[in-house]
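Following: one structure in structure tokens, then a few remarks.
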Amino acid sequence: MPATQKPHVKATPPSFLPGMKREDRQAVQQELNLHGLKTRLVRNSVEIKRKEEAIVQMKTKIQDMNKELASLNTKRGELTKRKEETLKAKGDMDKNLESCNTEKAEAEKKKTDLTEALNKLKAEHEDGKKKAQEEIQSLKQQILDRDKAICAFVDKTNEEGRFTHIKMQPSLQNSRSFSLSLVWRDDSEEIRHDETPAEALPDFRSHTAVHTGLPWPLSTTPRDFSLPNSSWSAEMMQLYEHYNSQCEVETEGGEKKGGPWTRMPSYNRTLKFLKGGFYMSQIIQSKARLFTRNIRAPGAAFEYVVFYNKEEQKCVCIFQAGHLLEGPPGHVHGGAIATMIDDVAGTLAYQSSHVMTANLNINYRSPIPLGSTVLLHCSVDKKEGRKIFISCKVTSTDGSKLHTEATVLFLSVTLSHLL
């Protein structure tokens, strides 16, 4: 029974009922009962109405809960679907991982095999390299022996002014001095070229030369025309000693004393300049001589010596012009000056590679007197591929007078271009 429902109380008849008639008392009693029933009916109606409202509220709450439940069911379905997808993806990933592990194992095996093969190839390569180096050295020696034979054949058949030996004779006045004779042999006679007291000669032990050609087969060494001779003026000797003192020399203890300059040797044949000599047999001509070294008389034509500075990429040449180089009366021919510029600039360019002159542009500023000594300064301006650009100027020994300016373009070539 709800808390709001009151218990039924039987109506008691009022105090006046005993004096009333029985029929009236019954009517009043019925009225009272009816009034009680109506009161109860009203109360029950109110209670029913309240319960109906509570039912309606409950239905509303149930509907809201059903909606929330439907949303949760939807989310549950989505989560279930995602779970299935995740499980499927996990299965695929497990398969991929297994496949990757298999491929990794195969790759590791291949790597091991390749490493072993590579090490084997390296060992074979080192063995092959060692054998190739030995073969190269053997071939070099064979080529050198062949070139020596070629040189010997050429020089024996026709050599002009070949330096054969040195004669040293003790001096009668001084037991510590001697006279030195340079002996040259022609086809029919022996010529004493120069005889000078030893104390008047420079100390040849201090003259360092870079000999890039082949060993001379018929004498100790070929004649180096860049060394001093009796025709050199005092001015030329002074300049020679100045630059030669800055060259690398070897002391008595065998140590090398460094210097910025290197004296370049100068011979009378291209043969003596060649490095290697692979194509020699095709380009050697027995009577050929270098243009600037084809006069046997000292001081008659070109007397010069070239010094090279590797660090600064430049050359300086001390040049003394002989009487056979006359152009204008009492002065050096322009062609001889051009020859010297080309020769010295070519010496500088040759330090990079084999070259040939492509362009020579000269401006003559002041004539050079015969017998005078001048300086040629050449320096590398730039390099572009096969091209080497060199600038050159000819000045007096003190640098106060400019005789000639020039620019030279050289092209790097191989010896096969000469064939």
Report task. Taking His403 for its side chain and Thr395 for its backbone only, find out whether a donor-acceptor pair lies under 3.5 Å. Result -> no
Query raised in the report: Counting N and O atoms only, with roles assigned by atom type, does the side chain of Asp343 sit under 3.5 Å from a partner on the main chain of Thr339, one being a donor and the other an acceptor?
Result: no
Query raised in the report: Side chains of His354 and Phe410: closer than 4.5 Å at any heavy-atom pair?
Result: no
Query - Side chains of Ser266 and Val305 in contact at under 4.5 Å (non-hydrogen atoms) - result: no
Query raised in the report: Between Tyr240 (side chain) and Pro228 (backbone), is there a donor-acceptor pair under 3.5 Å?
Result: no
Query raised in the report: Between Trp232 and Gln320, do the side chains contain an N or O donor and an N or O acceptor separated by less than 3.5 Å?
Result: no
Report task. Compare every heavy atom of Met236 with every heavy atom of Thr373, then report the nearest pair and how far apart it is. Result -> OG1-CB, 4.0 Å
**Report entry** Nearest heavy-atom neighbours spanning Pro329 and His331
**Finding:** O-ND1, 3.0 Å
Requested in this report: Check whether any side-chain N or O of Ser45 sits under 3.5 Å from a backbone N or O of Leu41 as a donor-acceptor pair, and report yes or no.
Outcome: yes
Query raised in the report: Okay, side chain of Ser138, backbone of Glu134: is any donor-acceptor separation there less than 3.5 Å?
Result: no
Query raised in the report: Quick one: CG on Leu360 to OG1 on Thr407, what's the gap to the nearest 0.5 Å?
Result: 7.5 Å
Query - NZ on Lys49 to CD on Glu53, rounded to 0.5 Å - result: 6.0 Å
Query raised in the report: How long is the span from the CG atom in Asn244 to the CZ atom in Arg263, to the nearest 0.5 Å?
Result: 6.5 Å
Query raised in the report: Is there side-chain contact between Glu405 and Asn361, with heavy atoms separated by less than 4.5 Å?
Result: no
Query raised in the report: So do Ile337 and Met340 actually touch side chain to side chain, heavy atoms under 4.5 Å?
Result: no
Report task. Taking the side chain as every heavy atom from C-beta outward, state whether Val355 and Leu411 have any pair of such atoms under 4.5 Å apart. Result -> no
Query raised in the report: Where the side chain of Asp342 meets the backbone of Ala338, is there a donor-acceptor pair that is under 3.5 Å apart?
Result: no
**Report entry** Between Gln313 and Tyr308: side-chain donor-acceptor atoms closer than 3.5 Å
**Finding:** yes
Query raised in the report: Just wondering, do Leu375 and Ile318 contact through their side chains at under 4.5 Å, heavy atoms?
Result: yes
**Report entry** Main-chain N/O of Val394 paired with Thr404 side-chain donor or acceptor, under 3.5 Å
**Finding:** no
